[in-house]
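Here, residue 1 is the first one in the sequence, and each next residue gets the next number.
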Amino acid sequence: MEARDQEPLAYITAFLTKDFRIPPQRLAPEATFSSLNLDSIAQVELFVTLSDRYGVELDDSLASGELTLGEMAELVRTQLGAPDGNSEHAQAST
């Protein structure tokens with residue numbers, strides 16, 4: 001399976017479980033970085049990892065403690081051009 005084939009939310013959940021040892025039951029789409037006790041360095045690390053894995057540009061200035069996992073997945077889907085994307089949160093790469 002190509003890296004881009006895995007749904008972003010599933011990848012985010014797997015990444016946080018493996019690399020940050022967060023129990024999967026805590027990783028609901030509405031969970032925020034703050035509620036998961038992830039600091040700004042962890043947030044930027046996740047943004048960079050997602051950018052590399054999916055070949056998209058994510059503006060890491062959007063990383064905040066109140067960003068949810070679902071919103072982060074939506075940022076990736078938007079950059080990939082998925083039809084259900086919401087461009088309000090994504091930064092166009094120009």
Side-chain angles (χ1 to χ4, degrees):
M1 174 189 319
E2 255 185 65
R4 296 177 100 180
D5 290 342
Q6 187 175 16
E7 207 287 319
L9 186 58
Y11 178 76
I12 291 166
T13 300
F15 177 82
L16 293 175
T17 298
K18 180 180 176 234
D19 289 25
F20 290 92
R21 300 181 191 267
I22 298 173
Q25 62 271 22
R26 291 189 57 208
L27 299 173
E30 61 276 357
T32 64
F33 286 115
S34 293
S35 71
L36 298 171
N37 297 320
L38 293 172
D39 63 15
S40 60
I41 294 171
Q43 294 170 36
V44 170
E45 181 180 342
L46 182 55
F47 264 72
V48 170
T49 299
L50 289 169
S51 293
D52 290 347
R53 180 169 182 88
Y54 289 97
V56 297
E57 286 189 36
L58 297 173
D59 182 354
D60 62 14
S61 71
L62 297 173
S64 78
E66 298 311 308
L67 185 68
T68 68
L69 301 182
E71 290 168 339
M72 175 167 267
E74 184 66 22
L75 289 172
V76 175
R77 283 191 295 270
T78 298
Q79 289 295 321
L80 290 172
D84 62 344
N86 178 356
S87 61
E88 176 182 323
H89 294 290
Q91 298 293 314
S93 53
T94 55

S.K.: Can you list the other members of the hydrophobic cluster that holds Val48, where links are side-chain heavy atoms under 4.5 angstrom apart?
M.R.: Val44
S.K.: Rounded to the nearest 0.5 Å, what separates atom OG1 in Thr78 from atom CD in Glu71?
M.R.: 11.0 Å
S.K.: Considering non-hydrogen atoms only, spot the tightest contact between Ala31 and Arg26 and give its length.
M.R.: CB-O, 3.6 Å
S.K.: Specify the closest pair of heavy atoms between Met72 and Phe33, including all atoms of both residues, with the distance to one decimal.
M.R.: CE-CZ, 3.4 Å
S.K.: Taking all non-hydrogen atoms of both residues, which atom of Pro29 and which atom of Leu9 are closest, and how far apart?
M.R.: CG-CD2, 3.7 Å
S.K.: Got a list of side-chain donor-acceptor pairs under 3.5 Å for residues 14-21, not counting sequence neighbours?
M.R.:
from  : atom 1 : to    : atom 2 : distance (Å)
Thr17 : OG1    : Thr13 : O      : 2.8
Thr17 : OG1    : Ile22 : O      : 3.4

S.K.: Quick one: pull up CG in Leu27 and CG in Leu69 and give me the separation to the nearest 0.5 Å.
M.R.: 6.0 Å
S.K.: Strictly distance-based, threshold 3.5 Å: is any side-chain N or O of Gln43 a donor or acceptor partner for the main-chain N or O of Ser64?
M.R.: yes
S.K.: When rounded to the nearest 0.5 angstrom, what distance separates CZ in Arg53 from OH in Tyr11?
M.R.: 5.0 Å
S.K.: Check Thr32 against Gly65 and note the closest heavy-atom contact, atom names and distance.
M.R.: CB-O, 3.2 Å
S.K.: Assess whether side chain to side chain contact (heavy atoms under 4.5 Å, CB included) is satisfied between Val76 and Leu58, documenting all intermediate values.
M.R.: CA-CA 7 Å; Val76 175; Leu58 297 173; 3.9 Å; yes
S.K.: How long is the straight-line distance from CD of Glu45 back to OG of Ser40, given to the nearest 0.5 Å?
M.R.: 11.5 Å
S.K.: Rounded to the nearest 0.5 Å, what separation is found between the CG atom of Leu75 and the CD atom of Glu57?
M.R.: 13.5 Å
